[in-house]
Peer 1: 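This is the structure, below, for whatever I ask next.
Indexing begins at 1, ligand by ligand and atom by atom, following the structure's order. Count residues from 1 along the sequence. When reading the values below, keep in mind they use all heavy atoms of this one structure, side chains included, and skip hydrogens, waters and symmetry mates.
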Amino acid sequence: METTLIILKPDAVQRGLMGQIISRFEDKGLAIVGMKMMTISQALAGTHYGDHKGKPFYDGLVGFMTSSPVCVLAIQGVGAIAICRKMMGATFGSNADAGTIRGDYGSSNSFNLIHGSDSPEAAAKEIGLFFKDGDIQIIDRAIGGWVYDMSSGTPE
Ligand code: IDP
Ligand code: MG
């Protein structure tokens, strides 16, 4: 099981797309194990996007991410990190495939609706940045045995 950090960015919240985007992850069989609304501080945005410091878009990115509230989610499932990245699509809606979140809901080359961790290391770091111990729920889902084949004892 993996847990990934997803942020519904200010444009997704302002455009009223939270429900539709969260539904896609639930419909896929993934479990929402953490969720909150918050306004990201300059400091937190700087830490979260530290790898991009110095790039031409960095200041604009921090300005965008701190401009209005976001919805932060911890999403769990087998292979959840790669599955969520695939569902998000390419970085900008202008060239993201139809059927992906960015491809279906966006057309900007700057605003792009959603962040998702890109590796297990990034997911662990980002979940620690945005959630406190105890914020992530352990959910024994009644549907678990129908989302996954549990016949071997581990979810497949
Ligand atoms: P990703 O979110 O698809 O992993 P990255 O290349 O890691 O994309 O960039 C992180 C974020 O920085 C993007 O989601 C986007 O918000 C922003 N960003 C990246 N490149 C540009 C750009 O050229 N202009 C404006 N914003 C950008
Ligand atoms: Mg990235």
Peer 1: Does any non-hydrogen side-chain atom of P155 lie less than 4.5 Å from one of M150?
Peer 2: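 In short, these two side chains touch, coming nearer than 4.5 Å.
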
Peer 1: How about D118 and I81: do any of their side-chain heavy atoms sit closer than 4.5 Å?
Peer 2: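 No - every pair of side-chain heavy atoms lies 4.5 Å or more apart.
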
Peer 1: Tell me if a side-chain donor or acceptor on Q20 pairs with a main-chain N or O of M18 at a distance below 3.5 Å.
Peer 2: no

Peer 1: To check your reading of the model: name the closest protein heavy atom to atom 16 (O) of ligand 1, its residue, and the distance in Å.
Peer 2: K9 NZ, 3.0 Å

Peer 1: List the closest protein heavy-atom neighbour of atom 13 (C) of ligand 1: residue, atom name, distance to the nearest 0.1 Å.
Peer 2: N112 ND2, 3.5 Å

Peer 1: List the closest protein heavy-atom neighbour of atom 6 (O) of ligand 1: residue, atom name, distance to the nearest 0.1 Å.
Peer 2: H52 CE1, 4.1 Å

Peer 1: Donor-acceptor pair, distance only, cut-off 3.5 Å: does the side chain of E2 make one with the backbone of A80?
Peer 2: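 Yes: the side chain of E2 pairs with the backbone of A80.
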
Peer 1: Heavy-atom distances under 4.0 Å decide this one: backbone, side chain, both or neither, for M65 against ligand 1?
Peer 2: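 Under 4.0 Å from ligand 1, M65 contributes no heavy atoms.
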
Peer 1: Of the side chain and backbone of Y58, name the one, both, or neither that has a heavy atom under 4.0 Å from an atom of ligand 1.
Peer 2: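 Within the 4.0 Å criterion, Y58 makes no contact with ligand 1.
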
Peer 1: State, yes or no, whether a side-chain contact exists between L44 and M65 at a heavy-atom distance under 4.5 Å.
Peer 2: no

Peer 1: Select one of side chain, backbone, both or neither to describe which atoms of L61 lie under 4.0 Å from any atom of ligand 1, heavy atoms only.
Peer 2: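 It is the side chain that touches ligand 1; the backbone stays farther off.
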
Peer 1: Any idea which protein heavy atom is nearest atom 1 (P) of ligand 1, and the distance to it?
Peer 2: T91 OG1, 3.7 Å

Peer 1: Using a 4.0 Å cutoff against the non-hydrogen atoms of R85, which atoms of ligand 1 qualify?
Peer 2: 1 (P), 3 (O), 4 (O)

Peer 1: Under 4.5 Å between any side-chain heavy atoms of M35 and I22, yes or no?
Peer 2: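 Yes - at least one pair of side-chain heavy atoms lies under 4.5 Å apart.
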
Peer 1: Who's the nearest protein heavy-atom neighbour of atom 21 (C) of ligand 1, and how far?
Peer 2: F92 CZ, 3.3 Å

Peer 1: Within the structure provided, determine whether L8 and L17 are in side-chain contact (heavy-atom separation under 4.5 Å).
Peer 2: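 Not in contact.
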
Peer 1: Is there a donor-acceptor pair under 3.5 Å between the side chain of D104 and the backbone N or O of G99?
Peer 2: yes

Peer 1: What protein heavy atom is closest to atom 2 (O) of ligand 1, reported as residue, atom name and distance in Å?
Peer 2: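 Here the nearest protein heavy atom works out to R102 NH2, 3.1 Å.
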
Peer 1: Which bit of H115 gets closer than 4.0 Å to ligand 1, counting heavy atoms only: side chain, backbone, both or neither?
Peer 2: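 Neither; nothing of H115 gets under 4.0 Å from ligand 1.
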
Peer 1: What residue and atom, counting heavy atoms only, is the protein's closest point to atom 25 (C) of ligand 1, and at what distance?
Peer 2: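 Protein heavy atom at minimum distance: F57 CB, 3.6 Å.
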
Peer 1: Counting only heavy atoms closer than 4.0 Å, does ligand 1 sit against the backbone of H48, its side chain, both, or neither?
Peer 2: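 Under 4.0 Å from ligand 1, H48 contributes no heavy atoms.
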
Peer 1: Cationic tip of K9 within the cone over F64's six-membered ring, i.e. under 6.0 Å and within 45° of the normal?
Peer 2: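 Geometry flag: not set, cation outside 6.0 Å or 45°.
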
